[in-house]
Structure formats: structure tokens, C-alpha cells
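Report on the following structure.
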Amino acid sequence: MAEDTYSHKMVKTNHRRCRTKFTEEQLKILINTFNQKPYPGYATKQKLALEINTEESRIQIWFQNRRARHGFQKRPEAETLESSQSQGQDQPGVEFPSREARRCRTTYSASQLHTLIKAFMKNPYPGIDSREELAKEIGVPESRVQIWFQNRRSRLLLQRKREPVASLEQEEQGKIPEGLQGAEDTQNGTNFTSDSHFSEARTW
DNA sequence: GCGTAATCTAATCAACT
DNA sequence: AGTTGATTAGATTACGC
């Protein structure tokens, strides 16, 4: 409820989530797990989260960054010797542990979607505290809200690319955020001084 | 089967040391 | 300045209905 907790300095409000600082012990466990399976499923990540007392979403990010920056065995299989059968494809018998299950798909109710969409039209790039507030409001984890915004932006940008000028109708009735990185001609080579993406200075 | 949540890569921003 | 967590666009995968 909008308490007036704002202190003098503010608040850096809407922006990124605070940078997580993993302890050595946490890192040890993370790295150890990574070396065994660089693509952990939901269950594994959940277990890890519990074990090192961190949110599962932070673990997800950590694995993404780790994969991007450090080499890793792409083949979890590839042990010392592959089962002498080279071509044994027709053997459903033991399915190799190809992939662990992902997180269960969340289904949003109509009212939840309404809330999300409304927020999206106001600001398609919500900061951490906006996301948390939203999450609390509709009763889902903040990480789900973040993913929802990602997917929503993606869809909208894709749609706009396909139909250059078609969202006018929607703009009439609703709002459709216009600051969604409109692929403008920002490509003037030698410019961009300290200009961060786009002005985020919009009502908040 | 479709719509879209979840996962992923690549690039980038940015906090911390 | 290098390391690394966080965010983004965008492509892909795979569930729930």
C-alpha cells in the first residue's frame, strides 16, 4: 500500500534487481552441479535453490551465464565408451536421460491477464519493484511476471515487424505501448554517446 | 493443433572489486 | 579493467487447452 517509506535518497526505484552475491560455498555447489549437468531441469534447479538458499530464477540465470562464458561438455552422454552399439536406434527400452522436465506451464486466469496487460501498456519494461508488486497482486512468482513480459514484448515486436502499420486500430481503443523499441533508425553509426536505449523517463 | 509459457543463445548493460 | 549477475531481443521447444 504505498507507504511513505521513501527515504531521502531514493530509491533507485525501478530498476534492476540487486546483484546477487554468491558465497564461495554456493559457487562450489553451483559449479559442481554445472559440471555434471549444464542443462538442469526444473527439479534440479529447485533442489539447488533449496540447498543454497537462493531463488530458482537466480540459478537459472547463473547457468545461462555460465554456459555462455565457460566451456562445458555439450554431451552429457559421451562417457568413456558409448555402448558398443553404434546404431541401436530401435531400442526404446531405456530412454537415455535426455532431458529433465521443465517447469510446469503456468496458466493465467482472465483477471490475471487483464492486470498484466494493463501494466504492460503502461510500461513494457517494468523494473524489479514493479514486477514484484505485480507478482504479489496476481499471486505468482516474480520470475513468472518477468517471463511474461519478455514473451509479450517478443510477440508484439514480431507482430509489428510483420505488419508494419497495423496496430493503429489497437492504438485507438487501447493503448499499445509506443516506446517498444520501434526499430527506429537508431543505427547512425558513430553516435550513441551515453544514450541508453530509449528514454525510460515515462511516468513513474 | 494452436497459443503461449518455458527455455535457450548472443549481445549488452552494469555492479563490484 | 576484468569478472560476472541482470536484462534484452529473438529463436526455439513443448505443454495445457
Side-chain angles (χ1 to χ4, degrees), chain A residues 9 11-31 33-34 37-46 48-49 52-76 95 97-110 112-117 120 123-132 134-135 138-162 177 179-184 186-187 189 191-200:
Chain A
K9 205 82 165 270
V11 186
K12 215 140 190 318
T13 14
N14 284 328
H15 268 101
R16 315 185 138 208
R17 163 196 315 279
C18 285
R19 206 184 149 93
T20 305
K21 175 74 179 183
F22 292 110
T23 67
E24 275 183 43
E25 185 142 351
Q26 286 173 322
L27 281 175
K28 222 177 86 170
I29 293 172
L30 284 170
I31 292 170
T33 309
F34 181 87
K37 30 168 96 170
Y39 291 88
Y42 181 59
T44 301
K45 283 181 280 192
Q46 191 81 324
L48 260 177
I52 69 176
N53 191 31
T54 307
E55 292 175 38
E56 180 264 338
S57 58
R58 299 308 88 213
I59 291 174
Q60 168 98 324
I61 297 299
W62 186 88
F63 271 83
Q64 282 175 197
N65 283 325
R66 180 90 185 171
R67 283 196 301 266
R69 288 161 184 165
H70 300 53
F72 58 94
Q73 314 283 338
K74 248 169 196 154
R75 271 298 181 151
E95 64 261 8
S98 52
R99 249 177 160 137
E100 287 184 55
R102 47 168 72 183
R103 168 197 285 268
C104 281
R105 195 189 162 101
T106 41
T107 54
Y108 295 103
S109 70
Q112 284 175 320
L113 278 177
H114 178 74
T115 304
L116 286 168
I117 291 169
F120 184 84
N123 177 17
Y125 297 91
I128 177 61
D129 40 358
S130 298
R131 293 197 306 263
E132 235 140 36
L134 257 174
I138 68 176
V140 302
E142 178 272 335
S143 62
R144 299 308 87 205
V145 173
Q146 184 160 31
I147 296 299
W148 186 88
F149 274 82
Q150 284 174 12
N151 283 325
R152 185 86 185 175
R153 284 195 302 265
S154 192
R155 255 181 283 139
L156 189 65
L157 289 171
L158 195 69
Q159 176 182 330
R160 282 202 181 166
K161 206 184 285 183
R162 270 204 295 264
L180 199 52
Q181 183 148 144
E184 285 303 304
T186 357
Q187 49 176 325
N191 219 356
F192 84 18
T193 37
S194 60
D195 187 19
S196 45
H197 285 190
F198 30 95
S199 57
E200 69 212 68

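In what follows, chains are A, B, ... by sequence order, proteins preceding strands, each numbered from 1. Hydrogens, waters and symmetry mates play no part in the numbers below; they use all other heavy atoms, side chains included.
- Of the residues in residues 140-148 of chain A, those lying under 4.0 Å from DNA chain C by heavy-atom distance are A/Q146.
- Between the base of B/dT4 and the side chain of A/R155 there is no donor-acceptor pair shorter than 3.5 Å.
- Straight-line distance from the CZ atom of A/R152 to the C1' atom of C/dA9: 17 Å, rounded to whole Å.
- Between the side chain of A/Q112 and the main chain of A/I138, a donor-acceptor pair closer than 3.5 Å is present.
- Residue-to-nucleotide proximity on DNA chain C shows that, of A/T107 and A/S57, the 5′-proximal contact is made by A/S57.
- You'll find a donor-acceptor pair under 3.5 Å spanning the side chain of A/R16 and the base of B/dC13, going by distance alone.
- Side chain of A/T33 to backbone of A/I29: a donor-acceptor contact under 3.5 angstrom is found.
- In this structure, the CG atom of A/L157 is 6 Å from the P atom of C/dG10, given to the nearest Å.
- Taking the side chain of A/Q64 as heavy atoms from C-beta on, and the options B/dC8, C/dG5, C/dT13, the nearest nucleotide is B/dC8.
- In terms of the salt bridge (charged side-chain N to carboxylate O under 4.0 Å, His left out) criterion, residue partners of A/R103 (sequence neighbours excluded) are, by chain and number, A/E56.
- The distance between atom CG of A/D129 and atom P of C/dT7, rounded to the nearest whole Å, is 11 Å.
- Nucleic acid contact class of A/R103 (heavy atoms, under 4.0 Å, all strands): sugar-phosphate only.
- Taking atom CZ of residue A/R19 and atom C1' of nucleotide B/dT17, one finds them 10 Å apart after rounding to whole Å.
- Interatomic distance, A/D129 CG to A/H15 NE2, rounded to the nearest 0.5 Å: 9.5 Å.
- Taking only side-chain nitrogens and oxygens, A/T20 comes nearer than 4.0 Å to OP1 or OP2 of C/dA6.
- Stacking of A/R102 on the aromatic ring of A/Y42 is not recorded, the 6.0 Å distance cut-off and the 45° axial limit not both being met.
- Between the axis at the start and the axis at the end of the helix from B/dG1-C/dC17 to B/dT17-C/dA1 there is an angle of 30°, using five pairs per end and rounding to 10 degrees.
- Close to C/dT13, at under 4.0 Å from its OP1 or OP2, lies no side-chain N or O of A/R99.
- Atom CG of A/N65 is separated from atom P of B/dA11 by 14 Å (rounded to the nearest Å).
- Between A/N151 and A/R69, the one whose closest nucleotide on DNA chain B sits nearer the 5' end is A/N151.
- Nearest nucleotide to the A/R102 side chain, out of B/dC8, C/dG5, C/dT13: C/dT13.
- Here A/R153 reaches the OP1 or OP2 of C/dT8: one of its side-chain N or O atoms lies under 4.0 Å away.
- Atoms CZ (A/R105) and P (C/dT13) sit 16 Å apart, rounded to a whole Å.
- Taking 4.0 angstrom as the limit, A/S154 places none of its side-chain polar atoms (N or O) nearer than this to OP1 or OP2 of C/dA11.
- Panel note: side chain A/R58, backbone A/T20; no donor-acceptor pair is recorded below 3.5 Å.
- The distance from atom CD of A/Q112 to atom C1' of C/dG16 is 15 Å, rounded to the nearest whole Å.
- Distance check, rounded to the nearest 0.5 Å: OG of A/S143 to CD1 of A/I61 gives 9.5 Å.
- Note that the CG atom of A/N151 and the CG atom of A/L156 stand 12.5 Å from one another [nearest 0.5 Å].
- Within the structure, every side-chain polar atom (N or O) of A/R160 is placed at least 4.0 Å from both OP1 and OP2 of C/dA9.
- At C/dA6, none of the side-chain N or O atoms of A/Y125 fall inside 4.0 Å of OP1 or OP2 (strictly under the cut-off).
- The cationic group of A/R67 lies under 6.0 Å from the six-membered ring centre of A/Y39 and within 45° of the ring axis, placing it in a cation-pi geometry.
- In the model, A/T44 has a side-chain atom that pairs as donor or acceptor with a side-chain atom of A/E100 under 3.5 Å.
- Taking atom OH on A/Y39 and atom P on B/dT7, their separation rounds to 14 Å, with Å as the unit.
- Remark on DNA chain B: of its neighbouring residues A/Y42 and A/A68, the 5'-side contact belongs to A/Y42, judged by nearest-heavy-atom nucleotide.
- Put simply, A/R17 has a side-chain N or O that comes within less than 4.0 Å of OP1 or OP2 on C/dT7.
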Assess whether side chain to side chain contact (heavy atoms under 4.5 Å, CB included) is satisfied between A/E132 and A/V145, documenting all intermediate values.
CA-CA 8 Å; A/E132 235 140 36; A/V145 173; over 6 Å; no

